[in-house]
Visitor: 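Provided herewith is a single structure, encoded as structure tokens, for subsequent inquiry.
Keep in mind that this is a model prediction, so the values were computed, not measured. Every heavy atom of this structure was used, including side-chain atoms; hydrogens, water molecules and symmetry mates were not.
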Amino acid sequence: MKYFGGEYDVAVVGAGHAGCEAALAAARLGMKTLIFSISLENVANMPCNPHIGGSSKGHLVREIDALGGEMAKNIDKSMIQLKMLNTSKGPAVHSLRAQADRKKYQAEMKHTLELQENLEVKQAEIVNIVVEDGKVKEIETNVGAVYKVKTLILATGTYLKGKIFIGEFSQESGPDGVAAANSLSDCLKGLGIDLVRFKTGTPARINRRSIDFSKMEVQKGDDNLVPFSFEDEIRDFKQVDCYLTYTNEETHNVIRKNLHRSPLYAGKIEGTGPRYCPSIEDKVVRFSDKPRHQAFVEPVGLDTEEMYIQGISSSLPEDVQIALYHTIPGLEKCEFTRPAYAIEYDCIDPSNLKLSLEYKGIDGLFMAGQINGTSGYEEAASQGLIAGINATQKIKGKEPVILDRTQGYIGVLIDDIVTKGTNEPYRMMTSRAEYRLLLRQDNADLRLTKIGHDVGLISDERYERFLKKKANIESEVERLKNTIVKPTSKVNEFLESVGTTKLSTGSKLAELLKRTEVTYEKLGVIDENRPKLSKQEMEEVEIQVKYEGYIKMQEQQVEKFKKLEEKLLPEDIDYENFQGISLEARQKLNKFKPRSIGQASRISGVSPADISVLLIYLETRKRPQV
């Protein structure tokens, strides 16, 4: 028996990392919002690795924060270890990574949702979506509740027809034994939405008391702590240790002897797995020349003895998993609390989305996270935030917020999946960003806070603090460029002490700071008139001065990129009858409906010659008709 549950501006299906950000953004922007989860015990669940951030992913978290999202604040509340990765390299690839207390992260995010004004949190499975005249109208739960909605955001994660594999055993299930969403896939197919099967996996969890840590390398957190959120002060907390051990030839032999029992190699798994996060059996087969592979042993939380074995995900039978784990130094007597498993699930071809993350052809339907073919908590949260913003923008009759590749890793991520599609679970990497020197994690607020404020997710008070920080940085960079120091004995003694060449003539402070051996902090010895800056401000000043030449070169590249992005293509073009464009290009352009010449140029199969024809077409449209 159906009944009417109410009317809402925005409904979000799924309360993982994408769904949480989407619902919070919409509610904070004044929308009457509703979020559903099959189980409220799994809100913001970390079914795989219990950490946030990491290489390139830390950039995404900082960008989420700069736009007004929640992930950075939530991990700042629940972290139990913190490290800055890639510090031996340049600032473009520095990335924060925090080990999370998994249950605390979940509890904090769930409570944040519950406290949010304009947001209702409900446990239910959505089984039907009603679309009328190409527009989303209603959704229906498994118990018959019908809700009228203006917009709908699907953030279903790995639950759509989820299926767990452990060797010969398989069952329909979402992560951690939570029920799969089996009805919604058929509904989406009925709406004309094509679905594909992807696969991901997770390692076993083992009891801490059964581990011999003396045979492993200790991985400690950093002494110099930096919060993820630009608003937060770092809290003082005792960091837990992580550990590193390795597989060996004995491990690999156990795997090779049992490959026939792997559902992956037996052909039972149909879905495509992530290339950059393969299972241990995949690593042994694909990298047969490698004598060992890393296994990171990480705590799942402070109030549990479970440890997560990063790098050893598997779909092999449990008895084989136990045997291979027992060959690894320190894990010879380890006791499983949960076996590793692979999970297969339905997702869409993201090339069927607009850059706003709205589905082409169904007005008001947005999608975010793993349903779009991505993998990772941070990738999901980024999309959730943008989907929540744009669902709101649509209701308000405003233009969608679209970040391009020069503005953030979020822009790179969305442009990649929408413009190119993906034939495997997409993972963010620094190498995907052409302008990564400009898209550093340290300057995410300088790049995106204004956008967050314009949208309405950044408060006036926070924006005023941001403007002051920005002014302080700009003022100090200018001061360093205009302040000359003379070759006094004090100056030369300082330069000699840090191992760099002494001065024979006057030099600007900025020129001294560009020297490899000189840091902004050290420069204080001879710079008596410097203003008092925060740690973040000092870091930003140093990077802007030291890398000024490289930054200017990338800014010139960005200008060229922007010119093509600003050449907008009408949405209603039918490319089928375009003269001078190849057949493949016409088909691809009709499918993708690119927003701009720039986006069109990134579509596989569209050549420079095809782009020239499009440019000529746009020029003729500008000319007055005689």
Side-chain angles (χ1 to χ4, degrees), residues 1-47 69-71 74 103 105-131 136-162 173-188 364-371 380-381 383-385 387-388 391-392 395:
M1 180 71 73
K2 295 182 183 180
Y3 72 94
F4 181 61
E7 190 168 348
Y8 293 83
D9 296 315
V10 179
V12 181
V13 178
H17 304 282
C20 289
E21 293 291 350
L24 287 170
R28 288 167 177 172
L29 292 172
M31 297 294 101
K32 187 180 179 185
T33 308
L34 185 59
I35 185 170
F36 294 94
S37 175
I38 286 179
S39 169
L40 290 185
E41 302 310 309
N42 280 59
V43 169
N45 186 28
M46 294 179 161
E70 193 64 27
M71 179 173 267
N74 208 60
K103 286 298 180 186
Y105 187 95
Q106 286 181 264
E108 291 284 354
M109 187 65 86
K110 180 172 179 282
H111 201 202
T112 299
L113 295 178
E114 292 166 341
L115 291 173
Q116 179 60 50
E117 189 178 351
N118 300 322
L119 178 59
E120 292 182 34
V121 182
K122 292 188 183 294
Q123 179 168 296
E125 180 186 352
I126 300 301
V127 296
N128 191 35
I129 300 167
V130 176
V131 174
V136 169
K137 291 291 183 183
E138 294 178 351
I139 54 174
E140 182 184 338
T141 72
N142 54 333
V143 295
V146 175
Y147 299 89
K148 285 190 174 182
V149 297
K150 293 178 182 175
T151 57
L152 174 64
I153 301 170
L154 296 183
T156 50
T158 59
Y159 287 87
L160 277 185
K161 285 207 170 173
S173 173
D176 289 327
V178 177
N182 289 322
S183 300
L184 192 55
S185 285
D186 292 336
C187 170
L188 294 177
L365 177 61
F366 293 79
M367 299 187 179
Q370 285 184 269
I371 192 173
Q383 295 168 70
L385 177 61
T392 302
I395 291 169

Visitor: To check you understand the geometry: which heavy-atom pair defines the closest contact between Leu365 and Met367, and what is its length?
Guide: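 Smallest interatomic distance, heavy atoms only, reads CD2-CE, 3.8 Å.
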Visitor: Given side chains that start at C-beta, do those of Val178 and Tyr159 come closer than 4.5 Å, heavy atoms only?
Guide: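 The answer is yes, as the side chains (C-beta and beyond) meet within the 4.5 Å cut-off.
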Visitor: Between Ala18 and Ala155, what is the shortest heavy-atom contact and its length?
Guide: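 Residues Ala18 and Ala155, closest heavy atoms: CB-CB, 3.9 Å.
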Visitor: Which distance, rounded to the nearest 0.5 Å, do you find between the CG of Asn118 and the OH of Tyr8?
Guide: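 Those atoms lie 11.5 Å apart.
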Visitor: State, to 0.1 Å, how close Cys187 and Ile129 come at their nearest heavy-atom pair, and which atoms those are.
Guide: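 That closest heavy-atom pairing would be SG-N, 3.2 Å.
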Visitor: Testing the basics here: between Ala11 and Val149, what is the closest heavy-atom pair and its distance to 0.1 Å?
Guide: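 Here Ala11 and Val149 meet closest at CB-CG1, 3.6 Å.
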Visitor: Enumerate the residue pairs fulfilling side chain to side chain donor-acceptor pair (under 3.5 Å) with a member in residues 19-28, sequence neighbours excluded, ordered by first and then second residue.
Guide: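 Listed once each, the pairs are Arg28-Glu70, Arg28-Gln116.
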Visitor: Using a 3.5 Å distance criterion without hydrogens, assess whether the side chain of Thr151 forms a donor-acceptor pair with backbone atoms of Asp9.
Guide: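 Yes.
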Visitor: Could you measure the distance from the CD1 atom of Ile126 to the OG atom of Ser37? Nearest 0.5 Å is fine.
Guide: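 The distance works out to 10.5 Å.
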Visitor: Quick check for you: to the nearest 0.5 Å, what is the distance between Glu120 atom CD and Leu34 atom CG?
Guide: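 Glu120 atom CD to Leu34 atom CG measures 6.0 Å (nearest 0.5 Å).
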Visitor: Looking at CD1 of Ile139 and CG of Leu154, how far apart are the two atoms once the value is rounded to the nearest 0.5 Å?
Guide: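 If we round to the nearest 0.5 Å, Ile139:CD1 and Leu154:CG are 9.0 Å apart.
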Visitor: Please examine the side chains of Gln106 and Asn45, heavy atoms only from C-beta on, and report whether any two atoms are closer than 4.5 Å.
Guide: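 With C-beta onward as the side chain, the pair touches.
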Visitor: Rounded to the nearest 0.5 Å, what's the gap from NZ on Lys161 to OG on Ser183? Could you check?
Guide: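 Those atoms lie 8.5 Å apart.
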Visitor: Among Thr141, Val12, Val121, which one satisfies side-chain contact (heavy atoms from CB on, under 4.5 Å) with Phe36?
Guide: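 Of the listed options, the one satisfying the test is Thr141.
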Visitor: Donor-acceptor pair, distance only, cut-off 3.5 Å: does the side chain of Asn142 make one with the backbone of Val127?
Guide: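 No, Asn142 side chain to Val127 backbone: no donor-acceptor pair under 3.5 Å.
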Visitor: Please tell me if the side chains of Asn128 and Val146 come closer than 4.5 Å, counting only heavy atoms from C-beta onward.
Guide: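 With C-beta onward as the side chain, the pair stays apart.
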Visitor: What pairs with Glu114 under salt bridge (Lys or Arg N to Asp or Glu O under 4.0 Å), at least two apart in sequence or on another chain?
Guide: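 Listed in chain order: Lys110.
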Visitor: Got a second to check how far Glu140's CD is from Leu184's CG, nearest 0.5 Å?
Guide: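 So the gap between those two atoms works out to 11.5 Å.
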Visitor: Please examine the side chains of Glu7 and Lys32, heavy atoms only from C-beta on, and report whether any two atoms are closer than 4.5 Å.
Guide: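 With C-beta onward as the side chain, the pair stays apart.
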Visitor: For residues Leu24 and Ile35, determine if any side-chain heavy atom of one lies less than 4.5 Å from a side-chain heavy atom of the other.
Guide: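 Not touching, per the 4.5 Å side-chain cut-off.
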Visitor: Which atom pair, heavy atoms only, marks the closest approach of Ala179 to Ile38?
Guide: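 So the minimum-distance heavy-atom pair works out to O-CD1, 3.6 Å.
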Visitor: If you compare all heavy atoms of Ala26 against all heavy atoms of Thr392, which two are closest, and at what distance to 0.1 Å?
Guide: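 The pair with the smallest heavy-atom distance is CA-OG1, 3.6 Å.
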Visitor: Does CD belonging to Glu41 count more than 12 external heavy atoms closer than 6.0 Å?
Guide: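 For Glu41, atom CD is not crowded (no more than 12 foreign heavy atoms under 6.0 Å).
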